[in-house]
Amino acid sequence: MLGYPLAEILAQSLNVTQGIVSSMVGPGNDSRLLQISAGVNPGNSGGPLLNDAGQVVGVVSARLNDRVVLEAAGALPATVAFAVRREVILAFLAAQGVQPAYDGRPERLPSTADIAARVGPSIVPLSCISTQ
């Protein structure tokens, strides 16, 4: 996962966070989402979830709300976050008339640093400011 988590507090440079896909569904068995074990903070949302070849398999969207889980289950969740699945993203792009480019069957990259070096230049921070 690549993103700019807590950029105003930590650093304004691109961060790489490792984790695994821990479930093929999200809350309530939502098949549009993947559950991931990577720590997600503000600034990660909208960033790519990548496989070991640097291909986008999802877009990071949310994490469990600690307070809600504590009240409901009496315990804090341990690194539970979610990403929108690639299939959902591709359907959205197709509906907008966008056809993504593919580079064939890329091979697994040897390290997380190699993945970040390949994909990092295409990731930029975006900020949304409310005028209300």
Side-chain angles (χ1 to χ4, degrees):
M1 174 175 73
L2 298 176
Y4 295 86
L6 302 168
E8 297 303 320
I9 297 170
L10 298 175
Q12 294 184 353
S13 59
L14 185 64
N15 280 258
V16 179
T17 306
Q18 289 184 301
I20 62 167
V21 172
S22 50
S23 178
M24 298 302 288
V25 295
N29 293 315
D30 188 341
S31 62
R32 297 171 299 168
L33 301 174
L34 299 169
Q35 181 179 322
I36 57 176
S37 68
V40 171
N41 291 293
N44 286 122
S45 297
L49 178 66
L50 306 168
N51 65 14
D52 60 5
Q55 295 175 306
V56 176
V57 296
V59 172
V60 177
S61 60
R63 70 179 198 144
L64 282 182
N65 182 303
D66 291 346
R67 185 179 310 166
V68 170
V69 174
L70 180 60
E71 290 173 4
L76 289 172
T79 320
V80 180
F82 305 97
V84 179
R85 296 173 73 106
R86 172 174 51 198
E87 296 81 8
V88 175
I89 298 161
L90 291 174
F92 171 79
L93 291 173
Q96 306 307 311
V98 176
Q99 179 62 41
Y102 295 98
D103 58 358
R105 293 186 61 199
E107 294 183 21
R108 181 183 181 279
L109 296 169
S111 71
T112 302
D114 292 317
I115 294 170
R118 175 181 282 177
V119 180
S122 65
I123 311 298
V124 297
L126 296 176
S127 296
C128 298
I129 300 170
S130 174
T131 58
Q132 297 181 340

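The residues of the chain are indexed from 1 along the displayed sequence.
- Residues Leu50 and Leu109 are members of one and the same hydrophobic cluster, defined by side-chain heavy-atom contacts under 4.5 angstrom among Ile, Leu, Val, Met, Phe, Trp and Tyr.
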### Task
Begin from the C-alpha positions of Val84 and Leu33 and carry the test side chain to side chain contact (heavy atoms under 4.5 Å, CB included) through to its verdict.
CA-CA 5 Å; Val84 179; Leu33 301 174; 4.0 Å; yes

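- Note that OG of Ser22 and CD1 of Ile36 are 8.0 Å apart. Values are rounded to the nearest 0.5 Å.
- For the pair Glu107 and Ala53, the tightest heavy-atom approach, listed with the atom from each and the gap, is O-CB, 3.6 Å.
- Cluster annotation: Leu70 and Val40 are assigned to distinct hydrophobic clusters (Ile/Leu/Val/Met/Phe/Trp/Tyr, side-chain heavy-atom contacts under 4.5 Å, transitive).
- Rounded to the nearest 0.5 Å, atoms CG (Leu49) and CD (Gln55) are 12.0 Å apart.
- No option in Leu14, Asn44, Leu126, Leu10 other than Leu14 meets the side chain to side chain contact (heavy atoms under 4.5 Å, CB included) test with Tyr4.
- A pairwise comparison of heavy atoms in Val69 and Ala75 identifies CG1-O, 3.4 Å as the closest pair.
- With a 6.0 Å radius and a threshold of 12 heavy atoms from other residues, nucleotides or ligands, Gln96 has its CD atom above the threshold.
- Pairing each heavy atom of Ser37 with each of Gly19, the nearest pair is OG-CA, 3.4 Å.
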### Query
Between Asn15 and Leu2, is a side chain to side chain contact (heavy atoms under 4.5 Å, CB included) present by the stated rule, with each step listed?
CA-CA 6 Å; Asn15 280 258; Leu2 298 176; over 6 Å; no

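- Residues Val16 and Val56 are members of one and the same hydrophobic cluster, defined by side-chain heavy-atom contacts under 4.5 angstrom among Ile, Leu, Val, Met, Phe, Trp and Tyr.
- Taking CG of Leu34 as the start and CD1 of Ile20 as the end, the distance is 12.0 Å to the nearest 0.5 Å.
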Residues 113-122 side chain polar contacts: donor-acceptor under 3.5 Å, at least two apart:
unit_1	atom_1	unit_2	atom_2	d
Asp114	OD2	Ser111	N	3.3
Asp114	OD2	Ser111	OG	2.9
Ser122	OG	Val119	O	2.7

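- At a threshold of 4.5 Å between non-hydrogen side-chain atoms, the residues Gln12 and Pro125 do not count as touching.
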Side-chain donor-acceptor contacts of residues 59-68 below 3.5 Å, not counting sequence neighbours, with atom names and distances?
unit_1	atom_1	unit_2	atom_2	d
Ser61	OG	Phe82	O	3.3
Asn65	OD1	Arg67	N	2.9
Asn65	OD1	Val68	N	3.0

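- By the 4.5 Å heavy-atom criterion applied to side chains, Val80 and Gln35 are counted as neighbours.
- For the pair Arg85 (side chain) and Met24 (backbone), a donor-acceptor distance under 3.5 Å is present.
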